[in-house]
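These notes are about the structure you will find just below.
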Amino acid sequence: MDLIVQKYGGSSLADAEKIKNVAGRIARAKEAGNSVVAVVSAMGDSTDELIELASQVSDSPDRRELDVLLSTGELRSCALVAMTLMSLGHKAVSLSGAQAGIRTDSQFGMAKIAELDPQRITNELDKNKIVVVAGFQGITPDMDTTTLGRGASDLTAIALAAGLNASRCEVYTDVEGIYTADPRLVPDAAKLDEISFEEMLELASYGAKMNPRSIELGMVYDTPILVASSFSDAPGTLIHGEVDMNKNVGEIRNRVVSVATDPNVAKVTVQGVTDRPGIAASLFEPLAAEGISVDVIVQNASAGGKTDLTFTIKREDLARSEDVVRQVAEGMDSDKVVSSTGLAKVSVVGTGMQDAPGYASTMFRALADEGINIEMITTSEIRITCIVSEEQMGEASRALHAAFDIASPR
Ligand code: ASP
Ligand code: MG
């Protein structure tokens, strides 16, 4: 008997009808002879609604209390799914993150899973029950409820799949899998049958709607992840470690697997800083201490002993970053601090790029031909990212998708 962990996202559980659909799918997996653990997200946009509600009663809601509040979204859906399964004639039980044995550190809102004690889950599975687990939450050694970060029900599912040694983790959502580009921006984007963990990690970190930490976990524990639609029986995309690399060998254009786009970018520039050892450290240390993660960093060649430092961050971190940077910049007698939003990242990702020349030039040419200005550039071994204006994000992704001929199978 196979053990399968399934995960259903909020849009698949948005109302009673959708919950019945999900329960039907879980029941089918069980009836096919599997042991099933189902991890569920909060219904629809209810996490956003809870955050909004909290902001109506407090300007800066206490982080511990906010986690108690947010955890209720997933509790609601797991109880409803368990009830529905019972009405379909199955044995089922809902478990909170704590009951499921998900132990975390005490970083409210962004807790890390420290340990998994799957005893209760295995006991319930042994009783032939379908176990429905509330995603996105855990418990600290002090028995405080924590949440694991936005979109982290995926993380719960993959952690359980790894910890229970499941044969795979199936992530069900409102799209049919991972695409060669965002289909809302690029009409001829195609669904991928498979993708490697490394490529998916880059895509998730640069805009694809999956939690990057969950991909990392799948990679570390070598747990294959199937991403598929909860509304159809289309086969989905398998994220795994055994993608046939020979497929990527060949012409340049066949080695890029996908274009990722992310409009959540803000930029801060510190102008006219005296160029001396330690300026970057004194700027980025306080940002790190504030928990702000900085993405692309560019330091200009200095002229007359002065230089400019520019970096990007998520938009929601802009106000906090400006506060930090203004304070530090005073001590560095910089000329001024300027910031902007309205930017986006477009990235091309593909494992085959690392040992072939010509990718960067192809990318820059494609953008230039569309009259798109590149503000900043950053690369990894298997990714090239350009910062462009948000208005041109769609155009840029269409141009790259065409230039690398990504829609045709590799
Ligand atoms: N409900 C949480 C969120 O919206 C977790 C998740 O959906 O995975 O971020
Ligand atoms: Mg959600």
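Start at 1 and go down the list; that is how both ligands and their atoms are numbered. Only this structure's heavy atoms are used, side chains among them; waters, hydrogens and symmetry mates stay out.
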Problem - For Phe136, all residues meeting ring pair (Phe, Tyr, Trp, His ring centres under 6.0 Å), sequence neighbours excluded - result: none
Handout entry: Min side-chain heavy-atom separation Ile372-Glu395 under 4.5 Å
Key = yes
Exercise for the section: Starting from the C-alpha separation in whole Å, work towards a yes-or-no answer on side-chain hydrogen bond (donor to acceptor under 3.5 Å, both in side chains) for Thr385 and Arg383. Expected result: CA-CA 6 Å; Thr385 299; Arg383 171 185 50 80; 2.6 Å; yes
Completion exercise
By ring pair (Phe, Tyr, Trp, His ring centres under 6.0 Å), Tyr206 pairs with (sequence neighbours left out) none
Practice task
Using distance alone, determine whether Asp154 and ligand 1 share an N or O pair under 3.5 Å.
Solution key: no
Exercise for the section: Mark up the atoms of ligand 1 that fall under 4.0 Å of a heavy atom belonging to Ser153, in ascending order. Expected result: 5 (C), 6 (C), 8 (O)
Practice task
Report, in ascending order of atom number, the atoms of ligand 1 lying under 4.0 Å from any heavy atom of Ser41.
Solution key: 6 (C), 7 (O), 8 (O)
Exercise for the section: Look at ligand 1 and say whether Gly10 reaches it with a heavy atom at a distance under 4.0 Å. Expected result: no
Handout entry: Phe231/Tyr172 aromatic ring centres below 6.0 Å
Key = no
Practice task
Consider every N or O of Gly149 and every N or O of ligand 1, then say whether any pair is closer than 3.5 Å.
Solution key: no
Fill in the blank from the handout: Logged contact type for Ala152 with ligand 1, heavy-atom cut-off 4.0 Å, is backbone
Problem - Nearest-option assignment for atom 5 (C) of ligand 1, heavy atoms, candidates Glu74, Arg150, Met210, Lys7 - result: Glu74
Practice task
Could you go through the side-chain contact (heavy atoms from CB on, under 4.5 Å) check for Ile113 and Leu148 one step at a time?
Solution key: CA-CA 8 Å; Ile113 299 178; Leu148 312 178; 4.1 Å; yes
